[in-house]
Every structure is written in C-alpha cells, then in structure tokens.
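Encoded as structure tokens, the structure appears first; notes follow it.
So you know, we letter chains A, B, ... as the sequences are listed, proteins then strands, and number each from 1.
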Amino acid sequence: MTIGIVVFPGSNCDEDIRRALVDELGAEARFVWHKETTLPAVDAVVLPGGFSYGDYLRAGAIARFSPVMRAVRDFAGGGGYVLGICNGFQILTESGLLPGALMVNRSLRFICRDVYICAGESKAALSARLDAARAFRVPIAHQEGNYVAEPETLRRLNAEGQIAFRYCSSGGVLDEAANPNGSLENIAGVCSPNGRVLGMMPHPERCSSEALGATDGAEILRAWLATR
Amino acid sequence: MRAKIAITIKPDVLDPQGKAVLHALHDLGFSAVADVRVGKYFEVELEAGTAEPEAAIAQMCEKLLANPVVESYHFTLDEGAR
Amino acid sequence: MRAKIAITIKPDVLDPQGKAVLHALHDLGFSAVADVRVGKYFEVELEAGTAEPEAAIAQMCEKLLANPVVESYHFTLDEGAR
Amino acid sequence: MAPETITPALIEDHGLTPDEYQQILAAIGEEPTLSELGIFSVMWSEHCSYKSSRAYFKHFPTKGPRVLQGPGENAGIIDIGEGLCVVFKMESHNHPSFIEPFQGAATGVGGIMRDIFTMGARPIASLNSLHFGAPEHPRTKYLVNGVVRGIAHYGNCMGVPMVGGEVHFDACYNGNILVNAFCLGIARHDEIFKGKATGLGNPVIYVGSKTGRDGIHGATMASEAFDDAAQERRPTVQVGDPFTEKLLLEACLEVMRTGAVVGIQDMGAAGLTCSTFEMASRGGTGMEIELGRVPTRAAKMSAYEILLSESQERMLLVAAKGREDEVLAVFQKWDLDAVVIGHVTDGERVRIRHHGETVVDLPVHPVCDGAPIYERPQGQMQPPTLPNPHPEPIHDANRALLEFFGTPIFGDRSVVYEQYDHMVQTNTVVRPGADAAVLRIPGSTRGLALTTDVNARFCRLDPYKGAVLAVAEAARNLACVGAEPLGVTDCLNFGNPQNPGVMGQFVQAVKGIGDACRFFRIPVVSGNVSFYNETEGTQIYPTPTIAMVGLVDEPRADVSGAFVRAGDRIAILGSSRGGLPGSLYQLWRHGGISGGLPAVDLEAERRVQMVVRQAIGDRWVTAAHDLSDGGMAVALLEMAVRSAQLGCSILSQPEGLTWEEWLFGEDHGRVLITYHGENEERLFELAEQFRVPFEAIGRVDEGRVMIPAVRVDLEWSAIHEVWRAGLRRVIE
Ligand SMILES: Nc1ncnc2c1ncn2[C@@H]1O[C@H](COP(=O)(O)OP(=O)(O)O)[C@@H](O)[C@H]1O
Ligand SMILES: [Mg+2]
C-alpha cells in the first residue's frame, strides 16, 4: 500500500502524516510536489494540513489551482481514495471535490486543542471499520473550520450518508457545547457520494503514537488504510 | 485601469466576523449601528488597453477571488486610475 | 442608511496577500493584471436618522475598523439603502 | 543623488553622539557619505553593537563540554549526543510590538526563526515570554490580543509548535510591553552553517522577499526611549509574510544540502548592512555589492533605503564559485527571488555601488567592532514603598483565596496557547499547561524540556537575587518534568542605561545570571539585550527573561503538574519560610511591592531539584509542580484545576508563620509532589539522603480543596470557574 502525500508550498503536516502512516502504521508513502502534473503509482492520496499559500485569500483557495490538483481530480474521478486533513479538507471544498465551505471559526480565533468526534453511520469508506458509537479524541488546529453548506446540500449530505464525522462530547453526545468552531450540525468531516473522497478538520496523525500518549488517530488512519 | 472589488458574505450565511464587529461597535458606544457585514476588498490594477476588462474581472471573481458557495461580489472600474 | 467602507493597506506597506493573489491570477492566465492589493470591506447599517453619520463612520474606522498604523480607509454613504 | 553635507543635526538624527561621530572620523579618515553614516548609525546602535552591555558579558559562563557554539553567532549550539545538536536563541521585539502589536509580535517570531534555520537547524519548538501592563489598563486588551494573534499568525503558518511561555501583567509595563520570542532547532553536527563570507570571488547571493521601505531605522528605534515622536515613526512598521518565510526555511535547508553554500546569514535588524558587514567580519574578508541588483518592492529606492531597510524574510548567502546555478535553482523551485548581488573580496573592506556609483566604501572592523564600549555609571534605584501599607484585615481566607486566584495573573493560559499550534510536527509530549514543555526528539528515544521564567518583582527589589532566582526557577521547572538543564539563552529587558539606577540593575542582574548558571553548570550560549524600555521616564522593572533547555531520558506524558488520583499523598520538598516581599499576594494586598529578599540558598535548591528528578525518573511520584507565583495555596489550586475534578485536604499547620505567609509566601527552592502512599518511605529516605526537608501536608481528594487550619473549603467547580475566567476576562 503506497500513499501519495501532496506537498503544497506552505504544507506543514506533510511530514507528520508520513510519520504516522509509515512509522506507526507500516504503510508506504511518497511525497508528491504540487508542480507535478501526474501522480506516481499510488493507492491513495493525502492532502495534508498546513497553510498552503499562507492561507492567503481563503484557506485552500489558491492551492486548488496547483498543477497536481488536476491529477488528483482525475484520480478521484476514477474512483481513487483521497483524504484531506484540515488544510487538505479546505482544498477539497475549494476545488469542488467536496461540497460546502469552511468559514472562519465562530470565535474568530485559531483553535488548537483536543476535541471528540464520532463517525456515526456514514458511507465514508472508513466508517464501516470504526465503532459508530465511539467518541475519538483527536486534536484540531485551525482558524477556518466552521463548515457551512446550502440547506439543500446539507439535506443531501444527511440523506446520502456523506457526513463522515461530527464533533461530540467525550460521552458521544452531539451538542452545541461539543462544537468547537460553530460548524453546521457539528460537522467535522464529509465525504463524496461514493465515500472515497474524505475531508476532515481534526488531525488523526497527531494522535497516532504511544510516545505521545494518544492513539485514537491511529485507529482512524488504520480504518482508512484498510478500506483499500 | 483599476477595478475595485468588494466580496461580501451572502445574506443568508452567518457572518461571525460581522457579528463580532457589531458587538465591538456597540461596546464603543456606536449604538446607532444596526448591522455589520464583513467582506474583502481588492484593488486590481489592469494594464491600460486590456480588452473587455469587465468580463476579465468577473472571471477573476468567479474563479478565484470569491467562493461562490458563501460569497458574492460586485465591482467598479476606474478608467482613470494611475 | 448604509455605509460601505473599504480598508486598504497603505501604499508602502507590504501586502503579502496581494502578492499571493497577483501570482495566482498570473498563473491562471490573467496576464494583464499589474498589481493587486487586498483589504477589508464593511457594510455598516445605521439606523435611519442617525445624526452626522459621516463623522460617526469616520470615528468607527479610526477607533476599530482600520489599523491606522498600516491601513487607510474610505467610505461612501447610501442614504436609500434598506 | 546630491552629496549630503553631514551636519550635527543629521548626526543627532542618526542617534550618534558628537563623540561617536569623532570616533567614526578617526576610524575611516574622512567624512562619511550619507549611506555610510546610516550604516554606522545602525551598526553602532545599542541594539546591534551592545555598546552599553558588552563589557559585562564576561560574567556569563559560556563554555562547557557540550557547547558547540557560544554567544557571537546567530544562535547558540549545544551537543545532545547521537550526532545531534540543538540550536537556540531568544530575542526581544518590544518596541515594534507596542507600536503595532500584531505585526510587531509576528515579525519577532519570524526573526528568531531565521536566526535558527540560518544555522542549518530545522526549528522544532518555540516559546514566548510576554509582559503586559495592568489588566485594567485601557490598552492592555488590545495589546494582548494583537500580540497573541501576531505570534499565532506567524508561528502557526511556519508549522513550528509554540509549546510554552509566560504571560505577566504589571503596571510597570503599561507604556512598554515586553515580547520575547524563543526558538529552538535541531540539526546533525555536520549540518551546521555559519554566517561567514570566505573564499575570494565567491558569489554573494540575496534571497527571499523584495526590499521595501519598511523598518528603516528599526534598530535605532529599538535603542531609544519612547516619546510622542515615536508616533511619527509608524510608517516604518514591518509586515511579516510567514508564507514566504516557510518557503525560505524549506529552500534554505534544501540548498544547504547541496554542499554549494559557504556561509549564510539572515537579514535581521539593520538588514543588508548588517549581514554584509558581519559576514565579511567573521570571514576576515571583504565584499563588493551592487545595490542595483537587489530586488526592490517600492519604486526609486535610494541606496540609503536599500541598505537600511528591515524588510522581513530575506537572507544573504555566499556560495562556492561556479555553483551559483545549483543554488539559484533551489530557490526557483520554491518560487523565491535569488540574485547574485556581489562577491567576496580580500582587504576587509565592504564596497557598495548603486548603479555603478560607489556609495559605501568602508573598512569592516570599525563598523562591526569599532563601536565604543561604555561602562556607564551604576547607581541604585530607590527601593519601592507600599502604596497601601495597612489594608483592612482579611477575616475570610476562603473568600480571599478565591478572589486572589481569580485575578488575571493566575487565569487559565489556555486562552492564549490554544491560539498557537502547539502540536504540529507531532513531537509535543507534555503540552503547554505544565511547568515545562517536553518534546520527543525525532530519531532518538530521549526528549527535550523547555521553559521560560523571570520574576520581575523580585528583580525590582533586588536585581542580583532576582536574576539568580530566575535561573533557579527555570531549572526547577525543568526538574519538575524530570529534565537535566543543558543551556540557557536570555533576553535582558531594562530601562535607559544612561540612568545610573538602571545600569546598576543591569549589571547586578548579569552577575546574578552568571553566578547562578556557573553554580548549576549551565552555559549561557546566546541572548539579547533590550534597553530603553521606558516611556516618559518610567522604567519597566528589570526583566531578565531566562529560557532554559533540558534533556530528559524518557519523555513521558503521565507526570505533569496536575493531581491524578484521589488518595495520593501530597508533600512539599524544601523549606518554607513564608517570604512575602515581592510576592503577588503582597502586590494584591498592598497595591505594590516592597522589602528585601532573603538570602538565596542555591545549594538547597540544587538538592531539591536532584530529589525531584530522581523521584520522577524512578516513577515514585505521580505529579510534581514547583511553588512560585502565589505560593503554596496557588500551587495547590493549580494542581486541582488542571485535574479532572480532584482537590485536596491539607492537614498541616502554619507553624511559626502567619497564615498569610504560610499560604502565599513565595520562598524559592520548593516543589509540591504527589505520590502513592506506599512510596512515602522511599521518598522520605531519598529526601533525607540529600538533606532536603520533606513535609507531608495532606492528600488528594475528590471535588474540593480543604485547608482546615485556615478554614478554607472550596468546591472544585468554584475554583475552576474563577480560573477559567481570570484571563479570558482580559482577552475577550
Ligand atoms: N504565552 C504563552 N504561550 C504558550 N504557553 C504559555 C504562555 N504563557 C503560559 N503558558 C503556559 O501555561 C503554563 C502556565 O504558565 P506559568 O504560570 O507561567 O507557569 P510556571 O509558573 O510554572 O512557569 C505553562 O505551561 C506555560 O508554558
Ligand atoms: Mg514559569
């Protein structure tokens, strides 16, 4: 299993996700420079977190025009698996590979801390392998994670099982208090209609190591790897 | 030729920044303020003689400057500028 | 009554966003763009009959909306709006 | 450009005294050009030349078996074994942050990061030490928010975790805040680069952002006290572009791996001027530069402006002749400007042309090392007195404690550090919120611990002892996470050195740091001096901020400064004498501080720290937290609020002390530990072996904090609520 990790100018979680996938989970990974126009032979693609193009204009707005994104779009269109984490999620929504938009947090501040998320019942490719009732403790680190979508889109996402993760309490309760950024219906991640393109704001790669005393992210990444 | 572009958040989308600014203005004693919306502003300098500048600016907005899911744009063109 | 306020970065001050947007526009093929400056845009709704609306808006800009160290502001007032 | 006549007014505008100007004439043998005068002005400024402080650095111990690079380079370097070394430094950005808090703090972070990666090290952690005015001062909220957002803006984008720091408030900073930024990088020994220009004919390459008119005379600004004229200097504010710096970081580390780089140096204070002269000076060479090749952002910039601009995100590098294309290709890959602007020469002169016309032709040494060294008169400050010497007596300790703990001084810092990405790079084992942060070292099983500390109130009462205590506290904070100190960097924030009282404070503090570091055998490897921290004649308290780096054998997330288990016992290591002078309690009760500090017993301090480190290493303790601000009472409340609803019952008595001294005394050299009852015997023996006083004071309990001797009985939720609100009130 080889994962392609796209490196945009300003990506800064590229090495973190590589470390989690390779050192902790035994996958293989290679970096793909954003100026490449084709993807190497990979089984899946990760768009990592960070500040592509400094998050200038809007997070992800400029990165979506990177040459590699055409290849990523084709890869997804052909049924490929793509995971966007944080800035990667923002790039996916900006490029129209996922619906909706990520606006500035309700507090208008950057927020870096642990939150809980649950997978619920969704068609996201990893969901079948995650305990739907369990609350996973995963850090967030973003200023624009406040998910919005038009009412019609939201209805469709719910109806089609495209909501991959929601913020919840440590006990799994979905309520306003558990929502760190004002996101619509506590949405923390969404997926494409076929479940294979997945975007999420929380960072599973940051809690994938015994050495950090936090491993819930490893379970999420393992479930994702196992879907191929 | 200079285009002045304002990008605003669509009316039915919650604007957390606008809300915060409204509160701050009230706190400062500007009680006559009923509402605030916050957006972005661009000044785009086009080379003189650019063909169909209006179409070009509209395209820039649609492709890059505004996010059509949550934002709308409007602009004016100053022939004289510079 | 609605004020439309544009906040711009002063001419000699670095505008990293403008720089990034300029590059992106060039990459997208908008080669006629010579320069881009990015600022903020506010629509402030004042209650009808607010006394001296211009002075009030100027004060809001100076006290809160603009950072006088690096930004300048200008605005227009729409009597009719809403 | 018309030749300028150098008038006395122009000399004064450049911050040079008539005497200094005479020394310049003597050194160069002719009247300087305007550009040359500008160069002397910045290079001989306090900020760049350390002219009032340099004479005293001899008090610092700067050597040690692990020291690979002491003060003098862009940052200090310490060997940590396994072929690795850490590179670290701290810098102030006080004046720019007061004028424009967001950009001032942001560019402070950007500047210190360049100091680290210019040496070939990848930045892996940052700290920030912040001092603001009184919480209720009208500008404080604006300044705190601006500074914190600015730091977050820059550091988060860079992908360097901000793992710790401190936030202090005191009226003495009302007109002059302190923003001290620390960064640490890691490198292999054979990857280190220095800011040296060697090799005749080697090309000199300018890389990074274009040069604009920003920050011209920033370095001289940092060397002057504030007055109303500072308002007029506003257009010189520098704007940070963290995205460009992130590209610069990656490109620099990549280009260094090509082997084509001979020397490299960031353009910080005094911009292109400082980097050309310093690189030539370190290399024993000269340079020839053509300013017409420098990429500029603004139209029609003069030579003077290009030379003195402090635009951010720029580096100067010297490459091996013939390999410039390899170098340029890397920067092109990262979409950065890179231009050959000159070459290395012999003769130790820097010649600068602007479109062919010579604008500067100066010998290197007078510019770099020729600034006068002042040993300014030292005096003593008037000791402070208490504004309110006889406050109403307190009858209800319970209420008083809650109120005291609810002040912003103690409030939950998460409202600050949650705005910083403190986890990126996935090395953060102990996150902000504990006594020190702990990181795992990539490629090693060991870890690093980091902390910054200073108690400026103590320094005001006694600058020597206060500085000693800052070092002791930093070392104690490291001990509380099980770490052994490796090295120190400092930021010495003081008032106007031409005031003998301030100069006395400075020299005493330097001696204190030197003596304490020598005692603990901790080398000082880098640092920074910031003078002129005063507004309209009111100085800040002397504030020598200490950042200390330590090594941990086994980084662990499970010992922190929070209660972990009901039933654990609680003990204090070290002796309690109830010292209140300079304490926060004294400030709270009397509206000011006063009195003398007791003798400092460093030997006792060292033994306490050894016991704590060993007890943590042997896993005999479940938590450790040092006693500092607010004394025992506050330390206990902090351990409670950081836990999952655990409190404590304190069964001991204030023997020989008043209840206030007992609860709030801030004697140094003390640590609170919690442990399982079965380990009490061994801990007791361990303490005895090191002759450390061991006082069992109570146990961890669920839900409440009870100190019956003073009728304190508080619910966890009540304490937690005031703690959560304390600082948020100021910020939100
Ligand atoms: N400006 C800041 N940035 C990041 N972390 C901070 C900052 N200020 C305080 N902290 C963190 O909050 C915790 C409490 O700070 P402080 O009370 O100064 O600790 P101590 O007294 O133990 O040195 C520490 O972990 C510290 O690193
Ligand atoms: Mg401290």
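A pairwise comparison of heavy atoms in B/Ser31 and C/Glu47 identifies O-OE2, 4.1 Å as the closest pair.
Aromatic ring pairs are classed by plane angle as parallel below 30°, tilted from 30° to 60° and perpendicular above 60°; the pair C/Tyr41 and B/His74 is perpendicular.
Within 6.0 Å of NZ in B/Lys19 there are 12 or fewer heavy atoms belonging to other residues, nucleotides or ligands.
For the atom pair OG1 (B/Thr50) and CZ (C/Phe30), the distance works out to 12.0 Å, reported to the nearest 0.5 Å. Atom-to-atom distance recorded for B/Glu45:CD and C/Leu22:CG is 11.0 Å, nearest 0.5 angstrom.
With a 4.5 Å cut-off on non-hydrogen atoms, B/Leu25 touches chain C through its backbone and its side chain both. For C/Ile5, no part lies near chain B; criterion is any non-hydrogen pair under 4.5 Å. With a 4.5 angstrom heavy-atom cutoff, C/Thr8 touches chain B only via side-chain atoms. For B/Leu65, the part lying near chain C is the side chain, with the backbone staying farther off; criterion is any non-hydrogen pair under 4.5 Å. With a 4.5 Å cut-off on non-hydrogen atoms, C/Phe42 touches chain B through its backbone and its side chain both. Contact of C/Gln59 with chain B is made through backbone and side chain together, with heavy-atom distances under 4.5 Å.
Counting only heavy atoms from C-beta outward, the side chains of C/Met60 and B/Val33 approach each other to under 4.5 Å.
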